[in-house]
Peer 1: 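What follows is a structure written as structure tokens; I'll ask about it next.
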Amino acid sequence: MMKTLRTSLLAPLCFALGLSLPAAAQDTPGDTCGGADLIDALPAETLETLRKEADAMPHAEGLLWQATRGDTVIDIFGTYHFKHRLTDAHLDRLAPMIEDADKIYLEISNDDQMAMQRAMAENPSLMFITEGPTLPDLLGEEDWQHYRAEMQARMIPGFMAAKFKPLWAGMMLGIGPCEAQSGAFEAKGIDMLVGDRAAEAGNPTRSLEDFDDLLTLLDSFPMDDQIDMIRMSLAWPGDMNDLSYTIRERYLAEEIALTLVFSRYVSEEYGGEAGVEGFAMVEDLLLEKRNLGWIDRLESRVAPGEHVLIAVGAGHLPGEVGILRLLEDKGYTVTRVDL
């Protein structure tokens with residue numbers, strides 16, 4: 001049922017953190033979901049400040065890159081985990097790289113995603129509260145009713161919404177109701193499609209991390225912080241459909257760093273101290289620490305002279321602890337490739 005992980009008010013950051021789960025193909029979600037660009041709507045002075053911050057980040061723009069070290073080649077593509085109007089075009093662009101690659105890495109390979117889905121079905125406590133207070137108790141009546149209505153708008157019934165672990169619940173609030181209603185939780189995104197194409201070519205994808213480690217990481221977030229994430233989302237006065245629209249369009253414009261700094265701005269502006277702390281925690285645990293782990297795995301498993309393709313959430317690419325800068329730190333020359 002659920003395809004991606006999102007984080008409430010931190011959604012502009014977490015478009016990059018999505019974890020795709022097996023899903024049935026649907027018509028492209030979001031094609032009929034318009035919206036207002038929230039970045040364009042910022043005051044001119046604020047927008048200028050955010051653009052300067054984004055421009056100062058290494059590898060601020062771009063979705064397709066190549067890293068070379070000697071005769072070792074790594075093609076890198078930054079993904080958007082929901083299907084969008086250019087998903088098929090992006091897949092066609094990646095097709096020759098899939099054919100040429102000796103190894104293909106996703107955050108979690110298609111086979112491991114299916115294994116994770118089985119594990120979650122066998123052990124509901126990985127995603128749901130199975131003992132003790134559920135969300136109606138943890139949120140209180142007013143916030144529970146608000147949260148329940150928001151989840152119903154995303155096609156998630158109240159009895160199920162009540163039992164989600166707060167972090168998972170907050171993540172699902174990060175997608176706009178329109179995209180949810182048009183099939184975003186079910187349609188295959190580019191990650192899974194790359195996995196499918198790789199399997200058809202006889203070269204199944206590999207995982208950059210073990211799914212049980214990721215699930216353990218998600219469970220490590222303190223419960224109070226998880227509840228705060230839900231409350232921040234409910235308190236935000238904006239339209240989540242506009243937020244989804246902004247994320248999608250800025251991704252398609254390849255303005256990845258700008259989306260990340262906009263996320264920080266929204267979290268600090270509307271989330272207060274909890275927003276600042278929540279953003280920093282998510283950035284540290286779900287972006288930077290994972291990036292470091294992925295590069296270590298590549299270093300240990302990519303042999304000299306191999307040609308490798310990796311496809312990961314676009315938010316993992318830019319920044320001082322982005323995977324592109326980390327590859328440079330390992331001696332690779334990184335070059336942007338036209339998409």
Side-chain angles (χ1 to χ4, degrees), residues 4 12-18 20 28-31 37 39-40 51 54-55 57-69 72-107 179 184 187-198 200-201 203 205 208 244-263 287 291 294-295 298 307-319 322-328 332-339:
T4 54
L13 167 66
C14 290
F15 83 92
L17 306 179
S20 300
T28 303
D31 277 357
D37 188 308
I39 294 177
D40 277 343
R51 284 197 176 278
D55 290 344
M57 293 174 66
H59 312 297
E61 296 186 1
L63 295 179
L64 187 60
W65 300 79
Q66 187 173 84
T68 58
R69 186 177 65 187
T72 303
V73 178
I74 302 178
D75 294 318
I76 306 111
F77 179 69
T79 69
Y80 182 90
H81 299 297
F82 291 140
K83 192 173 183 181
H84 53 76
R85 65 180 180 277
L86 294 183
T87 295
D88 292 338
H90 288 175
L91 184 64
D92 289 343
R93 179 69 176 89
L94 296 176
M97 301 177 191
I98 294 171
E99 292 291 335
D100 292 343
D102 297 305
K103 297 172 182 175
I104 302 167
Y105 284 92
L106 303 175
E107 297 177 28
E179 281 194 297
K188 287 186 177 183
I190 188 71
D191 310 76
M192 291 193 65
L193 293 173
V194 167
D196 289 346
R197 186 70 63 90
E200 292 169 3
N203 187 15
T205 52
L208 284 171
S244 290
Y245 174 84
T246 303
I247 294 166
R248 183 175 69 247
E249 296 308 309
R250 294 294 174 164
Y251 168 82
L252 293 175
E254 305 190 39
E255 296 178 307
I256 309 308
L258 182 60
T259 306
L260 295 177
V261 299
F262 172 67
S263 170
L287 274 180
N291 290 349
W294 294 350
I295 297 302
L298 287 173
H307 192 161
V308 174
L309 169 65
I310 67 174
V312 298
H316 292 277
L317 303 187
I323 62 172
L324 299 175
R325 174 51 59 88
L326 293 176
L327 284 169
E328 289 177 331
Y332 284 87
T333 298
V334 174
T335 306
R336 184 177 177 182
V337 178
D338 181 51
L339 181 60

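Quick caveat: nothing in here was measured; it's all calculated off a predicted structure.
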Peer 1: Just wondering, do I256 and L317 contact through their side chains at under 4.5 Å, heavy atoms?
Peer 2: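 Sidechains of I256 and L317: no contact.
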Peer 1: How far apart are the closest heavy atoms of I190 and T87, and which atoms are they?
Peer 2: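 Smallest heavy-atom distance, with atoms named: CD1-O, 3.7 Å.
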Peer 1: Is there side-chain contact between R250 and F262, with at least one heavy-atom pair below 4.5 Å?
Peer 2: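 Counting from C-beta outward, R250 and F262 never come under 4.5 Å.
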Peer 1: Do M192 and L106 have side chains that approach each other closer than 4.5 Å (heavy atoms only, starting at C-beta)?
Peer 2: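 The answer is no, as the side chains (C-beta and beyond) never meet within the 4.5 Å cut-off.
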Peer 1: Which distance, rounded to the nearest 0.5 Å, do you find between the CG of D88 and the CG of L193?
Peer 2: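 So the gap between those two atoms works out to 7.0 Å.
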Peer 1: Indicate yes or no: at least one non-hydrogen side-chain atom of L94 is less than 4.5 angstrom from one of R197.
Peer 2: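 When only atoms from C-beta onward are counted, R197 and L94 do not touch, as no gap falls below 4.5 Å.
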Peer 1: Does A101 offer a backbone N or O that forms a donor-acceptor pair with the side chain of N203 under 3.5 Å?
Peer 2: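 Yes.
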Peer 1: Below 30° counts as parallel, above 60° as perpendicular, anything between as tilted: where do the rings of W294 and H316 land?
Peer 2: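 Tilted.
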Peer 1: To the nearest 0.5 Å, tell me how far L309 CG sits from D100 CG.
Peer 2: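 That separation rounds to 10.0 Å.
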Peer 1: Heavy-atom distance under 4.5 Å between the side chains of F77 and H90, does that happen here?
Peer 2: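 A side-chain contact exists here, since the closest heavy-atom pair is under 4.5 Å.
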Peer 1: Just how far is it from atom CG of L258 to atom CD1 of I39, taken to the nearest 0.5 Å?
Peer 2: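 Answer rounded to 0.5 Å: 4.0 Å.
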Peer 1: Are Y105 and V308 packed together at the side-chain level, in the sense that at least one heavy-atom pair is separated by less than 4.5 angstrom?
Peer 2: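 Yes; the side chains approach each other to less than 4.5 Å.
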Peer 1: With a 4.5 Å limit on heavy-atom distance, are the side chains of L260 and M57 in contact?
Peer 2: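 Heavy-atom side-chain distance check passes, below 4.5 Å.
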Peer 1: As an exercise, state the distance from CE of M97 to CD1 of I310, rounded to the nearest 0.5 Å.
Peer 2: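 Rounded to the nearest 0.5 Å, the CE-CD1 separation comes out at 12.5 Å.
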Peer 1: Please output the side-chain donor-acceptor pairs of residues 58-68 that fall under 3.5 Å, not counting sequence neighbours, one pair per line with the distance.
Peer 2:
| from | atom 1 | to | atom 2 | distance (Å) |
| --- | --- | --- | --- | --- |
| H59 | NE2 | E328 | OE1 | 3.2 |
| H59 | NE2 | E328 | OE2 | 3.2 |
| W65 | NE1 | G62 | O | 3.3 |
| Q66 | NE2 | D75 | OD1 | 2.8 |

Peer 1: What is the minimum heavy-atom distance between D191 and T79, and which atoms define it?
Peer 2: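 Smallest interatomic distance, heavy atoms only, reads OD2-OG1, 3.0 Å.
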Peer 1: Determine whether L252 and Y80 make a side-chain contact, defined as any pair of heavy atoms from C-beta on separated by less than 4.5 Å.
Peer 2: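 A side-chain contact under 4.5 Å is absent here.
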Peer 1: If you look at every heavy atom in T205 and A198, which pair is closest and at what distance?
Peer 2: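 Shortest heavy-atom contact: CG2-CB, 3.9 Å.
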Peer 1: Can you name the one residue among K83, R248, H84 that meets side-chain hydrogen bond (donor to acceptor under 3.5 Å, both in side chains) with E179?
Peer 2: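 Of K83, R248, H84, side-chain hydrogen bond (donor to acceptor under 3.5 Å, both in side chains) with E179 is met by R248 alone.
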Peer 1: Do the side chains of R93 and D338 get close enough for a salt bridge, i.e. N-O under 4.0 angstrom?
Peer 2: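 D338 and R93: not salt-bridged.
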Peer 1: Rounded to the nearest 0.5 Å, how far does CD1 of I295 lie from CD1 of I323?
Peer 2: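 Rounded to the nearest 0.5 Å, the CD1-CD1 separation comes out at 5.5 Å.
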